[in-house]
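Any value given below was found using the heavy atoms of this structure, including those in side chains, with hydrogens, waters and symmetry copies removed.
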Amino acid sequence: MATKKNVKGKSYCDAVNKELPAMKKRIEEMREELIRTYGAESDVVRAHETQLLELAESIDWKFHILAKDCRIELTDIQEVESFVELP
């Protein structure tokens, strides 16, 4: 039996699983574009590349934390609800 909390939680977790990896990918694409545009040895790349890499790593790290929490929360709630479901 699904509850409003479960549906909203699943929707949020679906967004986490979809949006955060997409953000990381876009940042990685920006880094590649930066290198193509200015050249790997340029001052602009040196100034921005580290920041972009750190941002992508931070998003990836937070994604894993949030995805883990979502997976535990949703599976635990659904298992308990199906176990205690009354006629």
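- Here the CD1-CG distance, from Ile27 to Leu52, works out to 7.0 Å after rounding to the nearest 0.5 Å.
- Heavy atoms from other residues, nucleotides or ligands lying under 6.0 Å from OH of Tyr38 number 12 at most.
- Atom CD1 in Ile65 sits 5.0 Å away from atom NZ in Lys62 (nearest 0.5 Å).
- No side-chain heavy atom of Met30 sits under 4.5 Å from any side-chain heavy atom of His48.
- Here the side chains of Trp61 and Leu66 are not in contact, with every heavy-atom distance at 4.5 Å or above.
- Looking at Thr37, its side chain does come within 3.5 Å of a backbone N or O of Glu33 through a donor-acceptor pair.
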Trace of the side chain to side chain contact (heavy atoms under 4.5 Å, CB included) decision for Lys24 with Glu57: CA-CA 8 Å; Lys24 180 185 173 197; Glu57 287 175 9; over 6 Å; no

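- The CZ atom of Arg26 sits 13.0 Å away from the CE atom of Met23 when rounded to the nearest 0.5 Å.
- By the 4.5 Å heavy-atom criterion applied to side chains, Glu49 and Ile35 are counted as neighbours.
- With rounding to the nearest 0.5 Å, the separation of NZ in Lys25 from CG in Leu20 is 15.0 Å.
- Across every non-hydrogen atom of Asn17 and Ala67, the tightest pair is OD1-CB, 3.7 Å.
- Linking Ile, Leu, Val, Met, Phe, Trp and Tyr residues whenever their side-chain heavy atoms come within less than 4.5 Å leaves Leu53 and Ile59 in two separate clusters.
- Without hydrogens or angle criteria, Asp60 side chain to Ala56 main chain gives no donor-acceptor distance under 3.5 Å.
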